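So the structure is just underneath, and the comments pick up after that.
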Amino acid sequence: MIPKDLLLFGSSRYAPSRRTLRAGPLSVVLQDGVLRYVKLDDVEIVRRVYMALRDQNWNTIATAYSNWKHDVRKDSFQISFDGENKQGEIDYRWKGSITGDHNGKITYSMSGVTLSDFKKRIIGLCALLPIKECAGKSATVIQGNDTRKSATFPLYISSEQPLHGFDDIREINYEAGRTPVWVKFDGDKFEMEDQRNFTDGSYKVYSTWVRSPEPQLVKEGEKFTQSISITPGKTSRPSQIGKNGRAAIEMDPTRVFELPKIGLGESSVVENLNQREVGLLKAMGLSHLRCDVDLSSESWRSHLEQLSIQAQQLGVGLEIAAFLDPKKGASELQLLREEVENLHSPLNSILVFNHGELATKADFVLKCERLFANYYSKPLIGGGTDRNFYDLAFTRPAYDSDSLVTYSVNPQVHALDVTSLVETLEGQSWTAETAHKIYEKNPIAISPITLRPRFNPDEIVPDITEPGELPAPVDPRQLSLFAASWTAGSLKGFAESNVHSLTFYETVGWRGLVESEDTSYHSEKFLSRPGMAFPLYHVLADVCEMLPGSVLVTESTNPLAVNAISIIKGSSRRMLVYNLTWELQEVSIRKINASEARIRRLNEDSAEEAMFKPDNFRDKPGAAKRIKSSGNLELSLSPYEVVTVDYQDNDSY
């Protein structure tokens, strides 16, 4: 029997504590030492306030909290605690205080001291402002010299650092849901960035200006004291958040997009796939297998040959990610063109990247397009970045309109906890929408999507894996129900943003869909078992089975808690309804044009069968469930459950 925490989170360490508090008309969630979802009349006015320490490589150093003291009343609260950020040479201790009064004012204060010498990027408080309530709207910024200026939150993602008009911030005044909000900052110089560049669903106000390319040295004994206060304008009623626990999901029949092609990355831990692994992956109905080819490597030809054979075994085409030396790129592309004549599988696409460059230069993409113009499988050729969306948006290479435009995605550039990862699903959609805005006619390829960063593009000194710790690209949540639900959300966001293709994770191993039979690389902190299929395997398989199909845009009244992706293939309809929380969620799916549906549940009760007998799990037709005459389907979802709903549309008969 697999423990519940392992099923939900891959480890017990990710189960957060959470408490809802009130400050007069405001509701707020305290999760560990982080304030989340400050709401007024059900309108989110501030997404998060927290303390952050980031090292010289921009790694987030986790905080350990202790010595809690609470004075919580019906309409006010006063909380204090100690925080510790300790990793390697970094040793920082601080005291936090959070107060909320009956008038609605909330203040988060911190005072800390360094107990060692180290280099840092940021030490201090941050406030995240919500995209939904702020995007495209105006604000007034009061700067440190008492200058007042008007500024506008960007609608599409801006790579400007800091955002225009949002620098040297002492106070910001904006409206959320027609209610004025004042957020005040003390103790340092603050500025704002658009965190959607890294798929976070927020604008971030932070201290310690980051315009200098070099990290700053802090000495033992240095002190930091800061505060952020939130004050709402007048409101007529208390927040109703949480009083009606049932979310509603409704499909929009006027917004339909082609379902993206879906593929996987190559395994980083095994060279060859065994018969069982091939059988499981081939049954999914994937589109492609990504092969990373460093053309400066002596072994690139044999590596390409090996991955071509794997693609043939899986019955898919190849997506080649070709990494070029900027000085030799033209000749290296010529060698690649000669070599692909020997491939065992069709070539779907080539993504061209330049070593040491933020994004691919347009002339290399054009060269590749000319070389492969007459290749039999007519691959799509593209460029962009193997890094974060920011690097593409910042450089904006001028590609031809037929070229693929690509960037990679992971949800842990800034934060590591499950709640923050869920919030990135909104930011992912914005990257695709902004990419379409920049490249109006180009197909967009997201490659790859991973839970953890594959590498640190900002590394100054090598990141060292401490003994007993997992390698930086590995996340124990890969094998969890949380990862399955998050993957469903990622599929939804990108599919509804009309992207061309998605490349997820890896085939086999602790960064993949199926665990390897060889566990020699394992750690006690990654508690998989040989040969198991991770729950996210079934989410991707459920969507791939509907290829080629279309996605129907759905809207949820509580998208950070429960949502759905809706797919059409002929007369068949499939919805994946997923719970993004560790709490029970009630949901009503509206206006289903059918009298009955088949329901298959991926949850705590079924996860072991799904993991160890995946064929049996997938072969079951699902339980029949009547749909109300109103067209509503009522579901209860356990923590991180994914429910697959299959039905035949009445109008398709």
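Sequence positions, counted from 1, serve as the residue numbers for this chain. Note that the structure is a prediction, hence the values are computed from the model and not measured.
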Taking [X] for the side chain and [Y] for the main chain, is one N or O donor matched with an acceptor at less than 3.5 Å?
| X | Y | answer |
| --- | --- | --- |
| Glu496 | Thr554 | yes |
| Glu133 | Glu175 | no |
| Asn173 | Pro180 | no |
| Thr360 | Gly384 | yes |
| Asp325 | His355 | no |
| Asp55 | Ile90 | no |
| Asp391 | Ala359 | no |
| Asp194 | Ser158 | yes |
| Gln428 | Phe494 | no |
| Ser159 | Tyr390 | no |

Problem set entry | side chain to side chain contact (heavy atoms under 4.5 Å, CB included) partners for Thr152, two or more places apart |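 Thr152 satisfies side chain to side chain contact (heavy atoms under 4.5 Å, CB included) with no residue once adjacent residues are dropped.
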For this session: Can you sort out the partners of Ala151 under side chain to side chain contact (heavy atoms under 4.5 Å, CB included), two or more places apart, ordered by chain and number?
Result: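 Side chain to side chain contact (heavy atoms under 4.5 Å, CB included) check on Ala151 returns Val141, Phe166.
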When rounded to the nearest 0.5 angstrom, what distance separates [atom1] in [X] from [atom2] in [Y]?
| X | Y | atom1 | atom2 | result |
| --- | --- | --- | --- | --- |
| Glu266 | Thr507 | CD | OG1 | 8.0 Å |
| Phe185 | Ile142 | CZ | CD1 | 11.5 Å |
| Leu580 | Trp486 | CG | CH2 | 11.0 Å |
| Asn498 | His436 | CG | NE2 | 5.0 Å |
| Ile157 | Ile131 | CD1 | CD1 | 8.0 Å |

For this session: Evaluate the criterion side-chain contact (heavy atoms from CB on, under 4.5 Å) for residue pair Leu358 and Thr385; output intermediate values, then yes/no.
Result: CA-CA 6 Å; Leu358 298 181; Thr385 184; 5.6 Å; no
Problem set entry | More than 12 heavy atoms from other groups under 6.0 Å of NZ on Lys137 |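 Enclosed.
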State, yes or no, whether a side-chain contact exists between [X] and [Y] at a heavy-atom distance under 4.5 Å.
| X | Y | result |
| --- | --- | --- |
| His500 | Leu380 | yes |
| Phe455 | Arg387 | yes |
| Val205 | Ile228 | no |
| Arg477 | Val418 | yes |
| Leu470 | Pro476 | yes |
| Asp252 | Leu552 | no |
| Trp430 | Thr199 | no |
| Glu193 | Tyr203 | no |

Salt-bridge test for [X] and [Y]: reply yes if a basic N is under 4.0 Å from a carboxylate O, no otherwise.
| X | Y | answer |
| --- | --- | --- |
| Glu423 | Arg48 | yes |
| Arg290 | Asp292 | yes |
| Glu319 | Lys261 | no |
| Arg54 | Asp458 | no |
| Asp168 | Lys149 | no |
| Glu222 | Lys120 | no |

Return the orientation label for the [X] and [Y] ring planes: parallel under 30°, perpendicular over 60°, tilted otherwise.
| X | Y | answer |
| --- | --- | --- |
| Tyr174 | Phe153 | perpendicular |
| Tyr439 | Tyr399 | parallel |
| Tyr407 | Phe389 | perpendicular |

Pairs involving [range], ordered by first then second residue, that meet salt bridge (charged side-chain N to carboxylate O under 4.0 Å, His left out) (sequence neighbours left out):
| range | value |
| --- | --- |
| residues 430-450 | none |
| residues 353-363 | Glu357-Lys361 |
| residues 151-161 | none |

Exercise. Looking at the rings of Tyr108 and Tyr50, which for Trp means the six-membered one, are their centres under 6.0 Å apart?
Worked result: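 Judged by ring-centre distance (under 6.0 Å), Tyr108 and Tyr50 do not meet the cut-off.
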Distance-only polar pair, side chains of [X] and [Y], donor-acceptor under 3.5 Å:
| X | Y | result |
| --- | --- | --- |
| Gln87 | Asn59 | no |
| Thr147 | Asn145 | yes |
| Ser556 | Asn558 | no |
| Ser420 | Asp417 | yes |

For this session: For Arg454, enumerate each residue passing the salt bridge (charged side-chain N to carboxylate O under 4.0 Å, His left out) test, keeping only those at least two apart in sequence or located in another chain.
Result: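 With neighbours one apart ignored, the set is Asp386.
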For this session: Return the minimal non-hydrogen interatomic distance between Ser287 and Asn348, and the atom names on each side.
Result: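 That closest heavy-atom pairing would be O-ND2, 3.2 Å.
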Problem set entry | Trace of the ring-ring contact (aromatic ring centres under 6.0 Å, His included) decision for Phe482 with Tyr640 | CA-CA 5 Å; Phe482 164 79; Tyr640 299 119; 5.3 Å; yes
